[in-house]
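Report on the following structure.
Positions are given from 1, in the same order as the sequence printed here. Read the numbers this way: they start at 1 and go in the same order the structure lists the ligands and their atoms.
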Amino acid sequence: MTDKIRNAMWGGRFASGPDAIMEAINASIGFDKRLYAQDIAGSRAHAAMLASAGIITDKDAEAIREGLLTVLSEIEGGEFPFSTALEDIHMNIEARLKEIVGEAAGRLHTARSRNDQVAVDFRMWVRDQADAAQAALGALVRALLAQADSGADWVMPGFTHLQVAQPVTWGHHMMAYVEMFARDIGRFADARARMNECPLGAAALAGTSFPIDRDMTARALGFDRPCANSLDAVADRDFALEFLGAAAICAMHLSRLAEELVIWSSAQFRLVTLSDRFSTGSSIMPQKKNPDAAELIRAKIGRILGATVGLFTVMKGLPLAYSKDMQEDKEQVFDAADNLMLALAAMEGMVRDMTANRDALRAAAASGFSTATDLADWLVRELNLPFREAHHVTGTLVAMAERKGCDLADLSVDEMKSAHAGITDKVFSVLGVENSVASRTSYGGTAPQNVRAQIARWKERLKERLV
Ligand code: ARG
């Protein structure tokens with residue numbers, strides 16, 4: 001393969017071109033072309049700065065600027081000739097720029113390296129994704145708030161171990177996810193704030209002897225400030241890891257909600273009905289309506305966490321500064337971000353469209369002796385029993401109801417008295433599920449008035465863009 005043309009960008013010291021396999025393993029253009037807009041923005045900012053610092057002429061900077069705009073429209077118009085021999089997006093764009101504007105293109109790379117170039121491009125791409133994730137999460141939170149609002153006092157079973165535990169409200173359950181997804185928004189916002197330092201100008205690893213103005217490029221590209229250490233600027237990918245970490249936690253939350261929707265929409269539960277728009281049929285069983293979107297969302301954590309572990313493993317043990325290993329940082333982040341956005345959009349649609357089945361929720365809430373704790377609490381409050389004894393008395397009554405095949409509320413006062421003589425018919429007031437949820441007014445508890453207060457608080461926070 002020695003007849004291959006030497007690389008036009010770095011081939012000066014080489015006698016021959018690369019082996020085809022070398023070219024194949026080396027090239028990243030197949031995937032890093034997604035960074036074209038960031039790459040062009042970075043180059044425009046760099047060229048403008050070089051001119052303002054007197055490092056290149058205004059005339060060259062103008063030619064570069066116009067040439068880059070032509071490249072941008074060629075790429076967006078689908079007519080850009082991407083070449084594997086030119087390795088990556090940075091060299092593809094620069095080579096094309098040279099064809100368009102000639103010699104001036106060769107001055108663009110003054111005081112810059114692909115190492116700081118890729119670092120700034122990728123950081124800007126991840127920054128955009130962190131913004132997009134926050135927006136998508138905001139939409140999902142709004143959909144959950146709407147569900148909570150319409151069923152703030154609808155009673156449903158609260159589960160532990162997936163066994164009916166105590167009655168809660170539909171609104172309260174929806175609001176639990178609002179808390180989780182709002183924290184996810186916070187995680188993306190925190191990661192974004194930390195990543196918003198500009199690596200451009202770190203050059204290969206040591207900075208440059210040219211009198212560049214790093215504040216100017218940082219500002220032009222929307223960064224808060226330039227990275228303070230040139231080695232760190234080109235060597236770390238912690239910003240991408242933080243994004244993936246936030247994405248993995250968010251995908252885990254999505255997976256749990258998706259699992260609940262799968263269970264709740266099943267014929268055995270029937271607690272919610274998913275819309276036709278977010279369900280699929282079976283090709284053999286005509287009666288089926290499957291929650292495929294929920295199942296796929298449930299699974300997305302697999303690849304998103306996989307990407308996180310993948311990038312950690314790439315970065316682990318890498319000596320400073322840049323190593324080509326770091327080219328392996330992008331595909332997994334792209335895949336994770338794409339799938340997170342898709343999962344968030346699908347979940348938002350599903351939540352917006354689904355119907356909670358109020359009667360089925362109420363019936364399920366009343367099953368499984370869900371107010372047994374309320375009975376025990378009543379014994380503590382009214383008869384001054386120690387909680388452990390109240391627990392025991394209640395257990396006796398649950399066993400009795402189970403034997404008779406009825407609910408606690410169906411036992412007679414006399415039957416109750418057989419477990420503890422002090423019980424009166426006042427006890428029935430706490431055995432209903434509505435009374436049970438209404439009584440749970442402790443801060444963060446499930447009482448409808450609490451739920452309504454939380455809905456109002458979150459609506460306000462969203463309005464003030466505090467999440
Ligand atoms: N395509 C490379 C990457 O994604 C760009 C940086 C190349 N730098 C180098 N010194 N070979 O990491």
Per the ring pair (Phe, Tyr, Trp, His ring centres under 6.0 Å) rule, what does the pair list look like for [range], sequence neighbours excluded?
{"range": "residues 255-283", "value": "Trp170-Trp264, His173-Trp264"}
{"range": "residues 32-82", "value": "Phe80-Phe82"}
{"range": "residues 118-152", "value": "Phe122-Phe239, Trp125-Phe334"}

Does a side chain donor of either [X] or [Y] reach within less than 3.5 Å of an acceptor in the other side chain?
{"X": "Thr273", "Y": "Asn357", "value": "yes"}
{"X": "Thr208", "Y": "Arg112", "value": "no"}
{"X": "His253", "Y": "Arg256", "value": "no"}

- Message: Counting only heavy atoms and a distance below 4.0 Å, can you name the residues contacting ligand 1?
- Response: Ser28, Asp32, Asp88, His90, Arg114, Asn115, Val118, Tyr322, Gln327, Lys330
